[in-house]
Amino acid sequence: MLVHFLTDQPAKIPAVRAMLEPQYDVVSQLLGSSGAPISPSSVLMVDADLREMARVEQIKLVLRELQCISEKLFVVQNHVRSIVAQAYALGATAVVSRPREIITKLAQIEFAEKAAKSGAEDTSSHIAISAAAFTSMFAATRGGKLIDLSDAETATSQIISSIEEKGLSSWLDDVRRYHEGTFQHCLLVTGVAASFALDMGFSKADVQRLGIAATLHDIGKARIPLPILDKPGALDPTEEQIMRCHPVIGYDVLRRLPDINPEILDAVRHHHEYLDGSGYPDALTAPQISDLVRLLTISDIFAALIELRPYRPAISRQEAYKHLCEMEGKLERSLVEAFRTVALVA
Ligand SMILES: [Fe+2]
Ligand SMILES: [Fe+2]
């Protein structure tokens with residue numbers, strides 16, 4: 001989705017780019033200067049001092065040219081009533097103030113657009129809310145800021161609710177229809193892990209704990225360069241080495257949070273470890289690998305195999321489960337067996 005950012009302050013442009021890219025393409029325009037041609041499918045985001053009449057007149061001029069744009073987001077400081085009223089008078093379709101509100105609103109617009117395009121009848125908000133929480137966490141990590149753990153809790157709760165209401169298959173279909181890349185992967189892993197925990201009859205707290213571990217497991221990928229992260233096809237050895245840093249990056253990012261659960265930290269760092277010691281980053285062996293990590297690793301591998309990627313044919317759930325069964329010595333056999341109903345039936 002393209003965001004056309006209109007502002008009166010050049011200094012705001014890098015901050016908005018850092019917040020929204022690469023999730024969204026951002027085109028910026030300074031008020032009073034001519035901007036790039038704008039596509040009707042863009043979202044217009046206006047951040048300017050609406051107390052200045054000269055600014056308001058400039059915005060009116062730009063908006064006259066942009067009647068075709070349906071979504072007009074105005075950023076105002078602290079929701080001051082007179083300024084909010086001015087924004088709506090100018091044609092705002094939504095007024096936001098904090099970065100979190102901006103990201104949530106954009107995720108909702110993007111989801112509604114994709115749902116409308118695909119003709120989907122069910123536009124459940126579970127996926128939009130959880131995707132917005134992922135956007136917020138990845139943007140914070142990419143920008144060197146601490147994530148808000150409530151985002152991980154929100155995403156996890158939304159995904160668990162969706163699985164409970166409609167089952168795993170429906171969640172997998174929805175995610176693969178609306179999301180791609182790392183977001184698709186994280187949403188799928190959390191759905192699979194939640195389904196696994198529910199199927200095993202775990203307590204509510206344990207389902208939530210595995211769900212949060214799944215939500216956060218690849219947060220370190222936010223710091224992996226995009227050409228490597230999104231490379232279509234196999235990575236070369238140097239790229240592979242960089243990619244393999246993501247569990248430690250995720251661990252380092254999360255351990256700065258005072259409220260982080262040590263079990264979740266352990267799961268983030270060790271979700272690529274195998275029982276036979278052939279995994280990374282610490283080459284742990286069976287006695288050192290917790291149950292939470294074992295469950296997460298199975299969910300992660302299965303979800304990665306069934307992801308839709310533009311450069312390879314889709315792998316069926318049957319084939320993906322067969323692959324898990326063939327990973328002799330690496331995964332706990334009894335858990336892989338217990339996973340069968342999740343993989344093939346749920
Ligand atoms: Fe990973
Ligand atoms: Fe993963």
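The shown structure was predicted, so the numbers you read here are calculated from the model rather than taken from an experiment. Both counts, for ligands and for their atoms, begin at 1 and track the order of listing.
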If we ignore hydrogens and angles and just use 3.5 Å, is the side chain of R223 paired with the main-chain N or O of V253 as donor and acceptor? no
Aromatic contact between F302 and Y321, with the criterion being ring centroids under 6.0 Å apart: yes or no? no
Is it true that some N/O/S atom of D218, main chain or side chain, lies under 2.8 Å from the Fe ion (ligand 1)? yes
Which value, rounded to 10°, describes the NE2(H271)-the Fe ion (ligand 1)-NE2(H272) angle? 90°
Are K322 and E319 close enough for a salt bridge, meaning some N to O gap below 4.0 Å? no
Kindly report the NE2-the Fe ion (ligand 2)-NE2 angle for H185 and H217 respectively, rounded to 10°. 90°
Of all N, O or S atoms in D300, which has the smallest distance to the Fe ion (ligand 2)? OD1
Closer than 4.0 angstrom, basic N to acidic O: yes or no for R269 and D266? no
Quick check: does H246 put an N/O/S atom under 2.8 Å from the Fe ion (ligand 1)? yes
Taking the six-membered ring for Trp, is the centroid-to-centroid distance between H246 and H271 below 6.0 Å? yes
